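By convention in this document, chain letters (A, B, ...) are assigned in the order of the sequence lines, proteins followed by strands, and residues within each chain are numbered from 1. Predicted model, so just to flag it, every value in this text is computed and none were measured.
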Amino acid sequence: MNKQYHPADIEQRIQQFWRDEKTFEVDETPGADAYYCLTMFPYPSGKLHMGHVRVFTISDVVARYQRMQGKHVLQPMGWDAFGMPAENAAIKNKVPPAEWTYQNIDYMRGQMDALGLGYDWRREVTTCRPEYYRWEQWLFTKLFEKGLVYRKNSVVNWDPVDNTVLANEQVIDGRGWRSGALVERREIPQWFMKITDYADELLAELDNLDGWPTPVKTMQRNWIGRSEGLEIDFAVDGDYAAELAETDGVLRVFTTRPDTLFGVTYMAVAAEHPLAARAAEGDPELTAFVKSCKQTSAAEADIETREKLGMPLGINAIHPLTGQPVPIWVANFVLMSYGTGALMAVPGHDERDHEFAKKYGLPIRQVIAGATDDPIDIDAAPIIEKNTTIDSGEFSGLSFDEAFEKIADTLTLDDRATRQVNYRLRDWGVSRQRYWGTPIPIIYCDDCGAVPVPEADLPVVLPEDVTVSGTGSPLKDMPEFVNAACPSCGKPARRETDTFDTFVESSWYFARYASPDANEAMLDERAAYWLPVDQYIGGVEHAILHLLYARFFQKLLRDLGLSAASEPFTNLLTQGMVLKDGRKMSKSEGNTVDPQGMIEEFGADTVRLFMMFTAPPEQALEWSDDGVGGAFRFLRRLWRIVNEHIESGITASADFSDLTRADKDLRRKTHETIAKVSDDVGRRYTFNTAIAGVMELLNQVTSTNVDSAAGQRVRQEALETAVLLLSPIVPHITHELWHALGHDNAIVDERWPSVDAEALVRDEIEIVVQVNGKLRARLQMPADAEKAALESAALTEENVKSFIADKPVRKIIVVPGRLVNIVV
RNA sequence: GCCCGGGUGGCGGAAUUGGUAGACGCUGCGGACUUAAAAUCCGUUUUCCGAAAGGAAGUGAGGGUUCAAGUCCCUCCCCGGGCACCA
């Protein structure tokens, strides 16, 4: 064994050993204790960034730890290969997106290998390959048959100069990123998946996801946003039957607060609402206002944070209970995509309605009592609480529930209202007006309408040899792609040129790893062996969208009989970002650190160790060059300590009799460390404290003098333990050290060490003495000391006595094994 | 604006169930070894008072609950993530 630690000499050799031995290739062995560990697959953007390194390392540590528990571990890897960056690169470099993407994949795969990540590469999945996306197209046609997809108009960001649809990301301060033109919201027909059909199940099953972080479940719950309320019809004064055709000629609104119905003083509709368009006809001022409302991006954050503006339409609704006219306004904060695109405004009892009413001098009416008898100034602030109703005619003096029920009963009796469960969750718009994505398998026929492509004609292959211009999809200019025969009647028809949202690919890839080469079906019986994923690991930024869509897809797969599982991921770990100087590492910030350079300078183990030691996985990680140096020094020190130990002779004996006090202390530390690290890695996923624990053990090894054969055996045990405990994190150096310590087996095939309870026994423990909660003394006491003994020992301490002085002792609290608190 | 996190020494962080605040590491400072440097090792490193023993203060701010609060409750400030076409 080399006396110096040179990672470059060992890492590639050991990686080759794993390849030769097919160490990480797993099959569907019957009866094995299967464990599926999965990382969110990366977008092949060019080369790995530190965020990738972090999440892959976490996952690899979990996989290797589970393997040492005797589990049959699957850890696959693949590529979320469709997306906008490939199109942008294509425009910039004049390289087709496919070529750019495949080159990136090859490079990044090599980087993953250099990090020592244990993947079963036979299962690699690449979403831009027809053999992958054909099954997605197939699924879509099945959903079409089941009525779970439909087409409707919806809002996009339109760049009027480039004549193209922009992603929210491509809208900077309300302007197109290339043209600089003011972006408009525009409605175009798009395909939707009925995720709202599964809203209740997606919500209810969150309660069973014990292995998910609570914040993620809370966010999903709020995102789904189930609310029970009333859909109330307001008649409209005048003839607007055409504009209100979808709602039977009335202005329909949803409210969770029907108890405030008597407080309605105006109505508000979205800029896209047909009533607004009708009122704007021949009214230049209103036309200009409606247009300006649409001149903001479609992003909800932009709509919600801009100044609240509105204008009256000059149309009145009729209050369903009082018969009074209520003016209808158009307002820029009403979302057409939520509810019916219209709302009843109750400024007395809603924050936003109140602010808007104050601004435009609209009346504010109090119909809910204050919580106390104090006088109320409803003009100053709304009352949001669900208190007793007042000034509401026959519905006055009622609690929220009573008022809700009585008003609901009254209005539903003659069909002027419906009890309704509403969701904030909207159906998933999957159409994208882009080239580099999965073609939506639909053919439009003048006679038959939208017809799904028959299974025999799948996949609809995306042509890869294209030139991307940046204005619209190149597919539109390819007659050989667009022109197709109608599958239904055979007449000439047009193929859909929109592609799927890339979230569609990432919503089922986890299942495809189980049967990546299945040619006859989307999934086969191997999926049943592996699914659901035992541990899923990825960025917290995916807490809502990706994870909700994946849960939705798992339910679709279940309902198509392709998988028995209802939920895709049993346990979820959301990892924080990698920062430098407190900011996200990114090209635009100019603060990236290239993992490749770090691997070459220090080796993969150092990079892995640093990533795992510097912060717990869920937290943001601050990059530090000095910290990397520290990680490297620790490995060098480990190498040297083991080297010095084996020079003085190794031993395989398990005889731990005749130990000195120091030997016993070290042996106890060894087993305390096994217990701590097992808990940290296996349950808490706090790899940083696990590493700190092993560091402490090594500190004690070096501070313990060994002058006997028994002491030598204790040190051998301590070092073997340290090496085993670190092996999931730094697999190369520990592979080498394990052999050096006298073992023939590869450490990757070893079992996790177990605690010897006998070694943990202490005869003396430290007890802390407090006076009035402040630390005043420490006592060394027998571990089995009685409460009374602790009290009397505490009371005789000099420093304790001086703080008690002549004050009477009121109470003594004893926490066994920890402290005594004397209250005076 | 709405939803979810976070805020602890010079820095990253630890404190797992309300029970010793600062484990472990980095940096800095002092020292040993060396012709020298690198590497390594030893000591020290929350602030203030003190020669020391020890004491006082201290976990974003303010209030509260408790024998005891970084941890629980209320109000507020700041930072990060998400907001449906970034992935």
(message) Checking contacts here: which listed nucleotide (B/rU20, B/rA15, B/rG55) is nearest the side-chain heavy atoms of A/F803?
(response) B/rG55
(message) Let's test this: given Watson-Crick or G-U wobble pairing with both distances under 3.5 Å, identify the partner of B/rC24.
(response) B/rG12
(message) What I want to check is whether an N or O donor and acceptor connect the side chain of A/R818 with the base of B/rU20 at under 3.5 Å.
(response) no
(message) Check this for me: does the side-chain of A/N821 come within 3.5 Å of the base of B/rC67 through a donor and an acceptor?
(response) yes
(request) Counting heavy atoms from C-beta on, name the nucleotide in B/rC83, B/rC67, B/rA15 closest to the side chain of A/V823. (result) B/rC67
(request) Under a 3.5 Å limit for both distances, which nucleotide forms a Watson-Crick or G-U wobble pair with B/rU75, could you say? (result) B/rA61
(request) Give one of base, sugar-phosphate or nothing for A/V216, where a contact means two heavy atoms less than 4.0 Å apart. (result) nothing
(message) It should be established whether A/R776 places a side-chain nitrogen or oxygen under 4.0 Å from OP1 or OP2 of nucleotide B/rU20.
(response) no
(message) Only pairs with both distances under 3.5 Å count, Watson-Crick or wobble alike; so what is the partner of B/rC83 in this structure?
(response) B/rG1
(message) Categorize A/Q190 for me: base, sugar-phosphate, or nothing, with a 4.0 angstrom heavy-atom threshold over every strand shown.
(response) base
(request) Mind calculating the distance between CD (A/E541) and P (B/rC4) to the nearest angstrom? (result) 19 Å
(message) Is the phosphate of B/rA87 approached by A/T502 (side-chain N or O, under 4.0 Å from OP1 or OP2)?
(response) yes
(message) Syn or anti for B/rG82, given that syn means the glycosidic angle lies within 90° of 0?
(response) anti
(request) Determine whether any donor atom in the side chain of A/R637 lies under 3.5 Å from an acceptor atom in the base of B/rU40, or the reverse, and answer yes or no. (result) no
(message) Distance check needed: B/rA14 P versus A/N699 CG, whole Å only.
(response) 18 Å
(request) Provide the distance between the two P atoms, one in B/rA61 and one in B/rG10, to the nearest whole Å. (result) 14 Å
(message) For a quick test of reading the model: is some side-chain N or O of A/R636 closer than 4.0 Å to OP1 or OP2 of B/rU40?
(response) yes
(request) For B/rC86 and B/rG19, measure between their P atoms and round to the nearest Å. (result) 44 Å
(message) Angle between ring planes, A/W100 versus A/Y43, binned at 30° and 60°: parallel, tilted or perpendicular?
(response) tilted
(request) Assess the pair A/Y536 and A/F510: is the distance between their ring centroids shorter than 6.0 Å? (result) no
(message) Of the listed nucleotides (B/rC86, B/rG54, B/rA84), which one gets closest to any side-chain atom of A/Y549?
(response) B/rA84
(request) Identify whether any heavy atom of A/G429 sits under 4.0 Å from a base atom; if not, whether one sits that close to sugar-phosphate; answer base, sugar-phosphate or nothing. (result) sugar-phosphate
(message) I'd like to know if A/E187 pairs up with A/K152 as an ion pair, taking the criterion as any Lys NZ or Arg NE/NH1/NH2 lying under 4.0 Å from an Asp or Glu carboxylate oxygen.
(response) no
(message) Distance check needed: B/rA87 P versus A/M84 CE, whole Å only.
(response) 5 Å
(request) Quickly work out the A/H546 NE2 to B/rA84 C1' distance and round it to whole Å. (result) 15 Å
(request) Kindly say if A/R633 contacts the phosphate of B/rU27, meaning a side-chain N or O under 4.0 Å from OP1 or OP2. (result) yes
(message) Please classify the nucleic acid contact of A/T686 as base, sugar-phosphate, or nothing, using heavy-atom distances under 4.0 Å.
(response) nothing
(message) Whole angstroms only, please: what is the CD-C1' distance between A/E696 and B/rA23?
(response) 6 Å
(message) Less than 4.0 angstrom between a side-chain N/O of A/N222 and OP1 or OP2 of B/rC4, yes or no?
(response) yes
(request) Pick base, sugar-phosphate or nothing for A/F613, based on heavy-atom distances below 4.0 Å to the nucleic acid. (result) base
(message) Check the phosphate of B/rA14 against A/Q619, side-chain N and O only, distance under 4.0 Å to OP1 or OP2. Yes or no?
(response) yes
(request) Tell whether A/K774 reaches the base of B/rU20 with its side chain through a donor-acceptor pair below 3.5 angstrom. (result) no
(message) Of the options B/rG55, B/rG13, B/rG12, whose atoms approach the side-chain atoms of A/P616 most closely?
(response) B/rG13
(message) Ring-plane angle category for A/Y509 and A/H546, please: parallel below 30°, perpendicular beyond 60°, tilted otherwise.
(response) tilted
(message) Looking at A/K676 and A/D680, is there a salt bridge between them, counting it only when a charged N and a carboxylate O are closer than 4.0 Å?
(response) yes
(request) Would you classify A/N799 as touching base, sugar-phosphate or nothing, given that sugar-phosphate means primed atoms plus P, OP1 and OP2, and contacts are heavy atoms under 4.0 Å? (result) sugar-phosphate
(message) I'd like to know if A/E644 and A/R640 make a salt bridge, using a cut-off of under 4.0 Å between side-chain N and carboxylate O.
(response) yes
(message) Please pick, from B/rG81, B/rC26, B/rG12, the nucleotide with the shortest atom-to-atom distance to any side-chain atom of A/V540.
(response) B/rG81
(message) Can you work out whether A/F634 or A/E169 has the more 5'-proximal nearest nucleotide on RNA chain B?
(response) A/F634
(message) Can you tell whether the side chains of A/R352 and A/E304 come within less than 4.0 Å, N to carboxylate O?
(response) yes
(request) Could you tell me if the ring centre of A/W191 sits under 6.0 Å from that of A/Y150? (result) no
(request) Return no unless some side-chain N or O of A/N772 is found under 4.0 Å from OP1 or OP2 of B/rA68. (result) no
(request) May I ask you to verify if any side-chain N or O of A/Q170 is less than 4.0 angstrom from the OP1 or OP2 atom of B/rC86? (result) no
(message) Within the structure provided, determine whether A/L547 and A/Q220 are in side-chain contact (heavy-atom separation under 4.5 Å).
(response) yes
(message) So if I take every side-chain heavy atom of A/N688 and compare against B/rG12, B/rG81, B/rA14, which nucleotide ends up nearest?
(response) B/rA14
(message) Whole angstroms only, please: what is the CZ-C1' distance between A/R424 and B/rC3?
(response) 8 Å
(request) Please work out if A/E618 contacts a base, only the sugar-phosphate, or nothing of the nucleic acid, heavy-atom cut-off 4.0 Å. (result) nothing
(message) Can you tell me the base-pairing partner of B/rC29? Count Watson-Crick or G-U wobble geometry only, both distances below 3.5 Å, and say none if there is no partner.
(response) B/rG43
(request) Between B/rG43 and B/rU75, how far apart are the C1' atoms? Round to whole Å, please. (result) 47 Å
(message) So A/K676, base contact, sugar-phosphate only, or nothing? Heavy-atom distance under 4.0 Å.
(response) base
(request) Please work out if A/R640 contacts a base, only the sugar-phosphate, or nothing of the nucleic acid, heavy-atom cut-off 4.0 Å. (result) sugar-phosphate
(request) For A/G629 and for A/G83, locate the closest nucleotide of RNA chain B by heavy-atom distance; then report the residue assigned to the nucleotide nearer the 5' terminus. (result) A/G629
(message) The side chain of A/A167 is closest to which nucleotide in this list: B/rC86, B/rG1, B/rA14?
(response) B/rC86
(message) Need one value for A/A543: base, sugar-phosphate or nothing, where a base atom within 4.0 Å counts as base even if backbone is also close, heavy atoms only.
(response) nothing
(request) For the pair A/H49 and A/H52, name the ring-plane relationship: parallel under 30°, tilted 30 to 60°, perpendicular over 60°. (result) parallel
(request) Figure out the CD1/P separation between A/I544 and B/rC86, and round it to whole Å. (result) 14 Å
(message) Counting only side-chain nitrogens and oxygens, does A/N88 get under 4.0 Å of the OP1 or OP2 atom of B/rC86?
(response) no
(request) Check every strand shown and say whether A/L621 touches a base, only sugar-phosphate, or nothing at a heavy-atom separation below 4.0 Å. (result) nothing
(message) Students often get this wrong, so: under 4.0 angstrom with heavy atoms, is A/T218 touching a base, only sugar-phosphate, or nothing?
(response) sugar-phosphate
(request) Would you kindly give the CG-to-P distance between A/L698 and B/rA23, to the nearest whole Å? (result) 18 Å
